[in-house]
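Take a look at the structure below.
Heavy-atom basis, side chains included; hydrogens, waters and symmetry copies ignored. Counting convention: from 1, in listed order, for ligands and their atoms alike. Since this is a predicted model, take the numbers as computed values, not measurements. In what follows, residues are counted from 1 in the order of the sequence shown.
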Amino acid sequence: MQLYTKILIGLIAGAVVGAVANLGGLVWLQNLLGGVEILGTAFINLITMIVIPLVVASLLVGTASLGDLSKLGRIGGKTLAYYMITTAIAVTIGLTLANVIEPGSGVAPETTAELTERYGGDAASRVNIAEQAPSWQETLLRVIPRNPVRAAADMDLLPLIFFTICFGAALTVIAPKRRDAVLEFFHGINEASMTLINWIMELAPYAVFVLIGSVVANFGFDLLQSLLVYTLVVVAGLMIHAFGTYAIILRFFARLNPAKFYPTVAAAPLLAFSTSSSNATLPLTIETAEEKVGISNEVASFVLPLGATINMDGTALYQAVAVMFIAQIYGVDLALADQLVIVLTATLASVGAAGVPSAGIITLIIVLNSVGMGQHVQAGIALILGVDRILDMIRTSVNVTGDLTCAAFIARTEGEDLGGVKGLAR
Ligand code: ASP
């Protein structure tokens with residue numbers, strides 16, 4: 001049985017058991033699922049522990065084996081352009097849907113008051129976190145780590161990627177004897193990390209069962225009702241982007257068959273759905289790209305860690321809908337110029353968001369401020385917080401699918417045939 005089928009079974013079973021506990025009012029089962037959630041967290045820790053060794057080893061080997069450093073510049077340029085363009089498309093889809101469907105227009109004032117009351121405190125603490133976030137200048141400066149070991153210890157991927165690429169580039173020009181010794185070592189680390197992922201993935205279906213079961217068991221279904229239109233608009237936008245935009249890119253730009261591509265990579269987005277974290281999913285994303293799709297290590301090791309940190313189409317799309325929803329509820333009219341500002345800031349905010357659960361709701365505050373909605377930040381966040389977890393799960397899967405689509409696209413433009421899966425190439 002394929003890994004994605006096993007994960008899917010775990011996911012569906014978890015959702016069913018969680019729903020029975022929740023809707024059937026079985027408090028003991030809800031408590032049990034809440035209690036065993038720790039096993040799911042243990043699994044997330046297990047996969048996250050591979051991230052640093054894998055990213056460093058595979059990126060170092062990838063960069064050093066490029067041979068020609070101009071190739072690195074070319075791949076880097078294409079990847080960044082691709083990430084920015086697809087994110088802007090995602091935001092545009094979100095804005096279009098929010099303008100046409102107007103999810104905020106039908107919400108009763110009592111619902112707004114209730115949500116603000118229920119989530120006001122939690123929203124205040126998020127706003128607090130956002131206020132402590134570093135400025136843009138500091139964020140840019142932090143890409144260059146003073147201490148790469150600290151960057152690794154803090155799981156700060158962007159500076160670590162920067163350091164590793166510089167180091168890999170330097171390796172390409174030193175004496176072959178020394179270079180090969182270093183590369184041989186990191187090759188070993190890379191292979192051992194991949195083996196470890198395969199072992200850990202044996203546990204994935206059970207972990208997913210526990211993670212999804214506890215989320216569903218404790219989910220406020222009553223909230224879903226009052227925020228139904230908003231939730232559906234976000235989900236519809238995410239689906240259009242995942243199965244529309246990406247399918248077009250796969251078919252016409254990467255010259256791959258989308259109907260084969262999606263099932264081939266499915267395990268990674270499913271894990272992203274269950275963990276709400278692009279970072280935690282990263283080892284499986286890399287493994288899927290290389291072993292299932294046949295993307296070279298040079299491309300996958302660069303495009304995917306970068307994508308997990310800066311490419312978040314799902315997050316940006318969700319932010320666009322969320323800003324419009326909050327504006328509609330508070331009667332703030334956002335003109336076309338404001339919406340263009342949203343395209344820009346949501347694209348950049350998603351770059352700034354880390355690949356961890358709920359990061360997107362914190363950077364949403366930047367987007368709200370950019371269109372002069374500062375006074376509605378706290379109440380606005382309180383409105384949407386109740387359904388954020390479920391939307392986080394879906395947008396994270398889209399983020400990861402976007403990274404994989406980009407890797408396939410870049411690999412094809414670099415002349416790779418992606419014969420990893422029979423019939424994948426059109
Ligand atoms: N959880 C998302 C991710 O890891 C980020 C977010 O939208 O909150 O990609």
Please say whether more than 12 non-hydrogen atoms of neighbouring residues, nucleotides or ligands are located less than 6.0 Å from CD1 in Ile38.
no

Show the nearest heavy-atom pair for residues Val265 and Thr288, with the distance to one decimal.
CA-CG2, 3.6 Å

Nearest-neighbour protein heavy atom for atom 3 (C) of ligand 1, which is reported as residue plus atom name and distance
Ser278 OG, 3.3 Å

Just distances here: any N/O of Ala359 and N/O of ligand 1 closer than 3.5 Å?
yes

Taking distance alone, with N or O pairs closer than 3.5 Å, would you say Gly355 contacts ligand 1?
yes

Please report which non-hydrogen protein atom sits nearest to atom 1 (N) of ligand 1, along with the residue it belongs to and the distance in Å to one decimal place.
Asp392 OD1, 2.8 Å

Proximal atoms of ligand 1 relative to Ser358 (non-hydrogen, under 4.0 Å):
8 (O)

What verdict does the side chain to side chain donor-acceptor pair (under 3.5 Å) test give for Gln319 and Thr363, after you've listed the backbone C-alpha separation in whole Å, the side-chain angles of each residue and the deciding distance to 0.1 Å?
CA-CA 9 Å; Gln319 289 178 335; Thr363 50; 2.9 Å; yes

Please find the pair of heavy atoms, one from Ile200 and one from Leu46, that lie closest to each other, and give the distance.
CD1-O, 3.6 Å

Check ligand 1 against Thr315 and write out every atom of the ligand that is under 4.0 Å from a heavy-atom position of the residue.
5 (C), 6 (C), 7 (O)

Atoms of ligand 1 close to Gly360 [distance to a heavy atom under 4.0 angstrom, numbered from 1]
6 (C), 7 (O), 8 (O)

If the cut-off is 4.0 Å to any non-hydrogen atom of Ser276, which atoms of ligand 1 fall inside it?
1 (N), 4 (O)

Is the contact between Val356 and ligand 1 made by the side chain, the backbone, both, or neither, using heavy atoms and a 4.0 Å cut-off?
backbone

Using the benzene-type ring in the case of Trp, are the ring centres of Phe243 and Tyr262 under 6.0 Å apart?
yes

In this structure, which one of Thr405, Thr86, Asp313 forms a side chain to side chain donor-acceptor pair (under 3.5 Å) with Tyr246?
Asp313

Going by the atom numbers of ligand 1, which of them fall below 4.0 Å from some non-hydrogen atom of Arg395?
6 (C), 7 (O), 8 (O)

For the pair His376 and Tyr330, name the ring-plane relationship: parallel under 30°, tilted 30 to 60°, perpendicular over 60°.
parallel

Quiz question: by atom type and distance under 3.5 Å, do the side chains of Asp392 and Thr396 form a donor-acceptor pair?
yes

Atoms in ligand 1 flagged as close to Ser277, the criterion being non-hydrogen separation under 4.0 Å:
4 (O)

Which atoms of ligand 1 sit under 4.0 Å from any heavy atom of Thr396?
1 (N), 2 (C), 3 (C), 4 (O), 9 (O)

